[in-house]
Amino acid sequence: MSKLILIDGNSIANRAFYALPLLTNSSGLHTNAVYGFTTMLLKLIEEQQPTHFMVAFDAGKVTFRHKDYKEYKGGRAKTPPELSEQFPLLKELLQAFGITQFELEGYEADDIIGTLTRQADEQGINVLVVTGDKDMLQLASPQVTIALTRKGISEVELYDPAAIEEKYGLKPLQIIDLKGLMGDSSDNIPGIPGVGEKTALKLLHQYGSVEEVLAHADELKGKMQEKVKTHAEDARMSKELATIFREVPMELTLDEMAYSGSEGQALASMFQKLEFKSLLDKMDFTAEEAGEEPAEELECQWVDTSAAAAFADKLKTVSAIYVEVIGDNPHYAEVVGISFYDGETAYYAPLDVILSEEGAPIRAWLSDPSKKVASYDVHRADVALSWQGIELRGCSFDVQLAGYLLDPTEASHTLAAIASKFSVGGLKEDEAVYGKGAKFKLPDSETLNNHLGRKAEVIARVTPVLEKALEDSEMAKLFHELELPLSAVLAGMEKQGILVHSEELRTLGVELNERIQDLMKTIYDLAGGEFNINSPKQLGEVLFDKLQLPVIKKTKTGYSTDAEVLEKLASRHEIVQHLLNYRQLAKLQSTYIEGLLKEVNEQTGKIHTYYKQTIAATGRLSSQYPNLQNIPIRLEEGRKIRKVFVPSEPGWSILAADYSQIELRVLAHISQDEKLMEAFHHNMDIHTKTAMDVFGVAEEDVDSNMRRSAKAVNFGIVYGISDYGLSQNLDITRAEAARFIEQYFSVFQGVRRYMEEIVMKARKDGFVTTLLQRRRYLPEINASNYNLRSFAERTAMNTPIQGTAADIIKLAMVQIADRLKREKLASRMLLQVHDELVFEVPDNELETMKQLVPEMMEKAINLDVPLRADVSCGRNWYEAK
DNA sequence: ACCGTCACG
DNA sequence: ACGTACGTGACGGTT
């Protein structure tokens, strides 16, 4: 039984384009419409099992319809370039799929499909027409079903004549009459003004066709009669325009549309070009098809206790290892085992074997810093193994870290994804082997052995490729001398942890709880009833429906109730101030009291955070489980939380040192702005200095308001300024904000030049870099969409600044860690908070450290302006301010 | 899994 | 006319 699928190519491409966010591959090619189209094709092939397949496209700007009505499709917005550039890709993709495509000058896809369905009707072939265009329903017949895309792209709704009858009460051909009466604004087909779908259906149910409606116009009432009579000609013409032409002079035989499956290789290479990673995984292409260096058979040996001694002899030739760690938080994760690759054979030793007596030589080897092996996510392995009493040393390459540096914005840096991106195949994604979420399960030992063995082998194969790529992009030094050493420093800090006074934290929680209870009671009283204050939905109803407060701002899902909105409502109702207080305290309670208590390690009494080194697009670190980079400080109430972070040895102190204005100093250096450099050379208060220059007043005439504005401008400059953003921040008009910015740039001309040049550089190269050559790609820098482009421009301005500051503190960390070790100081580095480092220090080292730390931070790198770091210490983190 | 909110630099 | 300041993570609620 033949089954023919006919796709309205333009319609589906359009739907996909507007339904999906703009995706780009790394070369800046837009791919969202092609992606949507692809998922639809895959779904159709799987579900419909077509024997024949064809995609029709519109061809030529002028069709025969324009002869009768030259405004046809007039007023329609021009196809955006982000979509038009995808049509060649789409056609290439269809070829890879092995799907016939057809177009004919002067005809639209509808007409081609209309003609083919007529022929199919005659020959009794089953047809499925896929389109987003309701007009096509006119083609439905016992043989022909129409699949209309619903919201989005992946869902379709099937219409056969019965379904059309049920939905509209019309025969398929009457769809033409429907459109004749109601018109179609998107095609600029007029219809009868004022007649929408409802009226049109009513008329058709009564009279059956446009012609009959016109013939019985006299029977219609008042206004309607008048409209129908005046626009009778429009209705006739509209019907004609809406009629799909089913006699296109074309010869396309069924044989030519035969579909016999897709060719894996062509499809895989197309998916690779488009960077459809999820599809590449899902399709399970063989390595050959995927164009990857074909993975050869790999012998994977299982190392048990009886084989451990023999295996130990092979260790000296091992070039890559992989430590399988299951669980998000490496401090509490399960180490499953370690796999090894010696250039020939893979070996896998489960953790219990490594921990056994027989595993001693393996443990010794793992701890040997003089060996050189490649691995993946050494940082994580280091932390997880340390909890097993195993030291991991001597990893001289990290695939994850390299993959991150080569493109920090990549969504995931899994080993399989990085390998595949660099044309090394043979490894399945963990998800495909282990399952995910609730379905996660370690497989049988043979599968596990092979999977983990393969990981070690893939690390060995991809390492030289990544080394080369790092060289080519001038990041080899950044990798080997900064990021890789840093990963060991981080692991050390995390293992060390920071002691938390849990009892004190609990006490704070009890006090807080009483105040929260009181606030809740007051709020319920004022609201006239109980509700869940934590639910923005319920709170919105109370404020804006029940209490009738004015709506200031809306979110996607309803009323906004954020602090900014509440501040504006504070004067209008007593409840609002209580809500603000409640929010503040509830945040402290849930995130910083209960949240932190949950993360205190039972054995150590400490909090061991985990720094992610491969997440932030700018090169910053981020902190998890818990996040110790966002402990409150701005409000005294929350700042008290810092009192519970204490030294882990009696009599020691907490020492904190932070860079002063590091981002603006970095800006001064990279922009070489004379005024800004001068300000820092004189170690001036930068916001006051900015106020003096921008407002043209003497230092003593800078009032607090002027300084506040100048500070906001400085922040804005670092973020990639826009008048809108500044106006929001300072609560002034856009015009005023624009004047501030102009004033700023007229003083700091070097900064203006930098901002212009960095955006131009981003356009030219497609990426921006930090001082240490860290890179960030900005594919949207040339987008025609204003928002996307502006975002990329601001990112181009901000990333070199934020990223260079991140480079610098990372340098300081590596150098300081080195120094502490070399000089055998007992002091320990515990935390990093972007521009701040926190240590615990014994008394006898306090003076040394108070000098050493800021000095090393200031000298971490030599810029054309001085760097400054302030230091302070106390019995806890709160006091070190 | 996603959203709104809010903590930090 | 558009609508956003840059970079993160965690929580509770909702879907």
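Close to C/dT14, at under 4.0 Å from its OP1 or OP2, lies a side-chain N or O of A/Gln538. In terms of phosphate contacts, A/Arg794 brings no side-chain nitrogen or oxygen within less than 4.0 Å of OP1 or OP2 of C/dA5. Phosphate contact (OP1/OP2 of C/dT14, side-chain N/O of A/Ser535, threshold under 4.0 Å): present. Distances shown here put every side-chain N or O of A/Thr618 at or beyond 4.0 Å from the OP1 or OP2 atom of C/dG7.
Geometrically, A/Arg734 does not engage A/Tyr724 in a cation-pi contact, judged by NZ or CZ lying under 6.0 Å from the ring centre and within 45° of the ring axis.
Ring-base stacking between A/Tyr786 and C/dC2 is not satisfied when judged by a centre separation under 5.5 Å and a plane angle under 30°.
Aromatic pair A/Tyr625/A/His608: centroids not less than 6.0 angstrom apart.
Base pairing of C/dC2: no nucleotide in any strand meets the Watson-Crick or G-U wobble criterion (both distances under 3.5 Å).
Counting only N and O atoms by type, the side chains of A/His331 and A/Asn601 include no donor and acceptor under 3.5 Å apart.
Remark: the A/Arg776 side chain and the C/dG7 base include no donor-acceptor N/O pair separated by less than 3.5 Å.
Using a 4.0 Å cut-off between charged nitrogen and carboxylate oxygen, A/Lys521 and A/Glu530 do not count as a salt-bridge pair.
Reading DNA chain B from its 5' end, the first and the last nucleotide to sit under 4.0 Å from a heavy atom of chain A are B/dC3 to B/dG9.
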